[in-house]
Amino acid sequence: MKKEKIIKPTLPKGTRDFLPAQMLKREKVLNLIKSVFEKFGYDPLETPAFENLEVLSGKYGEEGERLIFKILKRGEELKEALKQKSFSEESTQQLSDLALRYDLTVPLCRVIAMYPNEIKLPFKRYQIQPVWRADRPQKGRYREFYQCDVDIVGSSSILADFEILQITNEILAQLGFTKFLIKINNRKILTGIVEYCGIEPGRGNEISIILDKLEKIGKGGIKKELQEKKISSKVTDKLLPVLEIQGSYQQILEKLRNYLKDSKIGIEGIKETEELFSYLEKSEIPKENYKLDLFLARGLEYYTGPIFESVVESPPIGSLTGGGRYDKLIGIFLGRDIPATGTTIGIERIIDAMTELSLLPEVKTKTEVLVTIFNPETKLNSLQIAEKLRRSGFKTEIYFGEKDGLRDQIGYANSKGIPLVIIIGPEEIKQNKIVIKNLKSGTQESISADELVDKVREILA
RNA sequence: GUGGGUGUAGCUCAACCUGGUUAGAGCAUCUGACUGUGGAUCAGAGGGUUGCGGGUUCAAUUCCCGUCACCCACCCCA
């Protein structure tokens, strides 16, 4: 083939191939996460990669809306839509009728609303699938990435939120993170603060996102951003003392209660938070793993109650998990509300973080044994040994390479990270023996053929 | 959507600021030392239109402009 005919192999930005070595790491993390989900009684669910556009739009706020990957209409419908004289931003709705899923929460809500007779409440499901966002990629951010969601649908109990936190804690701890922090807040508290300060209710979300930056930009920064948003200084003056609140969660909530005493919703949020923390305090979750953060906000519009997010100090990679309660979202599809809560475990960032912290050992293959073929006359002996090993449950490979010298075969096993090599040549066949070579230790021994399985088991143990 | 940085061998980078022989190194790959045995060592080999296009110049990897790609930060988020 001529050089100019080659299509340059490229990847769309923000997407990745996962070669075997990376897949083995991912699988390890995913299997652990899955086993924790199942330990708490959750069953799997999958939904299509794309949904009808109307299912997704209007759920993620203005910013999220822009990041939805829309799919162009096809065939006659596209031709029809293209007949418009001019196109505006709104016309994307007419050119597109489908979109790639943006998260797993909205599809879950759609499912709940679609199968009221099949799904028994409370419904506990986990879902591990890719989602797509038309974002600009950067560290820890991709345009195609996997989310691992756990949710409980049909319970308004704070115990459900507590269980989500238990799961989050257990997963992060089991993965080997020692210093992580689950930040906890309540959307109702944020609403209460907004009410107390006299900010118009419609701007609550916008303002709480600014408050969320407290740690990052400090009080001065917040003041400045509020000014830019044309928030009156009267409001800011009322807000600043609230930003000062510190102490144990009891102290924080006590002080907050004074400020929010006239906000019915604010008091509700405080009560929920007290209840949630009372469970946490009595649980096995170490106190240093969680913290009340009055200004934690989540950009997604659909949260209504407790909200949470977990972070690690290093490496700096944003949040590893994020979730909360969304009691009104299912109602959009069903016509009546069903309470729900859950979280996303951000596996991409978890893997990136674990890689940086060297928490994921390099594994090149899962293969345990390579059976070499000495020469054409002995190949049947090799095949029989391979079959025997597989029957005993060992991951066993036979060498198929073009270069078939013993040195090439052992070199292949070495570079691929296969720990054991079986050699069976004319000598061994004559004596009913097998040479078993341990590439890790560099030792090898000649054993009788019927010792093989036990010996392999012993070395691999 | 806004701002910044970087593009040189398969990978990580050097040479660029201050233009001047055949653009180097490490790792990786291949060959041999090694006729039934990997890693280590030694000897050798292959691999480049310096992202692309244009400009300045006797001369451009080097300076200038454009363009594309990637990375980083902001916004927002996992």
Side-chain angles (χ1 to χ4, degrees), chain A residues 3-4 8-16 33 60-68 89 102-105 128-149 168 172 205-206 208-210 212-213 216-217 221 225 228-229 296-301 308-312 316-323 343-353 370 372-375 378 399 403-429 433 435-446:
Chain A
K3 202 169 187 182
E4 54 267 29
K8 202 174 164 197
T10 57
L11 222 41
K13 75 171 97 168
T15 68
R16 295 151 298 158
I33 291 174
Y60 305 110
E62 214 178 302
E63 191 73 23
E65 198 72 24
R66 286 175 37 221
L67 300 180
I68 295 175
E89 285 217 18
Y102 179 89
D103 71 359
L104 302 178
T105 308
I128 302 177
Q129 286 192 278
V131 302
W132 294 268
R133 295 185 186 176
D135 217 352
R136 190 176 285 210
Q138 54 179 282
K139 193 180 175 71
R141 172 179 298 182
Y142 307 94
R143 298 208 297 178
E144 177 184 68
F145 62 99
Y146 274 73
Q147 288 196 327
C148 310
D149 274 35
T168 305
L172 292 178
N205 201 33
E206 183 193 344
S208 38
I209 284 170
I210 296 177
D212 186 41
K213 296 184 208 165
K216 205 168 179 180
I217 61 179
E225 290 217 17
E228 281 164 17
K229 297 274 181 190
L296 168 68
R298 316 233 49 250
L300 298 181
E301 242 153 43
F308 9 88
E309 184 170 293
S310 63
V311 293
V312 280
I317 201 160
S319 52
L320 296 183
T321 75
T343 191
T344 298
I345 309 292
I347 187 190
E348 312 296 350
R349 287 184 181 177
I350 284 176
I351 289 170
D352 286 352
L370 177 78
T372 57
I373 296 177
F374 191 85
N375 64 31
T378 66
Y399 184 82
K403 291 182 303 178
D404 56 2
L406 212 42
R407 122 183 255 102
D408 299 306
Q409 302 192 53
I410 293 171
Y412 169 81
N414 182 57
S415 66
K416 205 172 158 183
I418 301 172
L420 285 185
V421 170
I422 300 294
I423 298 163
I424 173 110
E427 296 267 313
E428 286 75 21
I429 291 170
K433 293 234 163 180
V435 168
I436 177 165
K437 183 176 176 73
N438 181 341
L439 294 192
K440 288 241 168 70
S441 64
T443 56
Q444 73 177 49
E445 55 186 311
S446 183

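Chain A is the first sequence line, chain B the second, and so forth, proteins listed ahead of strands; every chain is numbered from 1. Values in this document were obtained by computation on a predicted structure and should not be read as measured data.
- Of the nucleotides present, none pairs with B:rC17 by Watson-Crick or G-U wobble criteria with both distances under 3.5 Å.
- Atom CG of residue A:D149 and atom CG of residue A:D103 lie 7.0 Å apart, to the nearest 0.5 angstrom.
- Rounded to an integer number of Å, the gap from CD1 of A:I424 to C1' of B:rU37 is 15 Å.
- Nucleotide B:rG1: paired with B:rC74 (Watson-Crick or G-U wobble, both distances less than 3.5 Å).
- Without hydrogens or angle criteria, A:R141 side chain to A:D135 main chain gives no donor-acceptor distance under 3.5 Å.
- A distance of about 36 Å separates the C1' atoms of B:rG19 and B:rU2, rounded to the whole Å.
- In the interface, the side chain of A:Q409 is not paired with the base of B:rU37 through any donor and acceptor atom under 3.5 Å apart.
- Closest to the side chain of A:F374, from the set B:rC76, B:rG38, B:rG36, is B:rG36.
- Going from the P atom of B:rC52 to that of B:rA69 covers 15 Å, rounded to whole Å.
- Looking at A:R349, its side chain does come within 3.5 Å of a backbone N or O of A:S319 through a donor-acceptor pair.
- Comparing the C1' positions of B:rA23 and B:rU50 gives an interatomic distance of 8 Å, to the nearest angstrom.
- If you take atom C1' in B:rG46 and the same atom in B:rC30, they sit 7 Å apart, rounded to whole Å.
- Ring planes of A:Y60 and A:Y102: tilted class, angle from 30 to 60°.
- Under the 3.5 Å distance criterion, the side-chain polar atoms of A:T372 are matched with a main-chain donor or acceptor of A:I422.
- By the 4.0 Å N-to-carboxylate-O rule, A:R16 lies close enough to A:E348 to be salt-bridged with it.
- B:rU8 and B:rG4 have their C1' atoms separated by 22 Å, given to the nearest Å.
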Contact pattern, 5' to 3', of nucleotides 69-74 of chain B - B, S or - by protein heavy atom under 4.0 Å
-S-SBB
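- Applying the Watson-Crick and G-U wobble criteria (two distances, each under 3.5 Å), B:rG66 pairs with B:rC52.
- Taking only side-chain nitrogens and oxygens, A:K403 never comes nearer than 4.0 Å to OP1 or OP2 of B:rG38.
- Looking at A:Y142 and A:D352, their side chains come closer than 4.5 Å, going by heavy atoms from C-beta outward.
- The 5' end of RNA chain B is approached more closely, in terms of each residue's nearest nucleotide, by A:I423 than by the other of A:E63 and A:I423.
- If you check B:rG38, B:rC77, B:rG36 against the side chain of A:L406, the one that comes closest is B:rG36.
- For the P atom pair drawn from B:rC70 and B:rU61, the interatomic distance equals 25 Å after rounding to whole Å.
- Side-chain to base pairing of A:R133 with B:rC76: no donor and acceptor N or O lie closer than 3.5 Å to each other.
- Residue contacts shown for A:G411 are limited to sugar-phosphate atoms, with no base heavy atom under 4.0 Å away.
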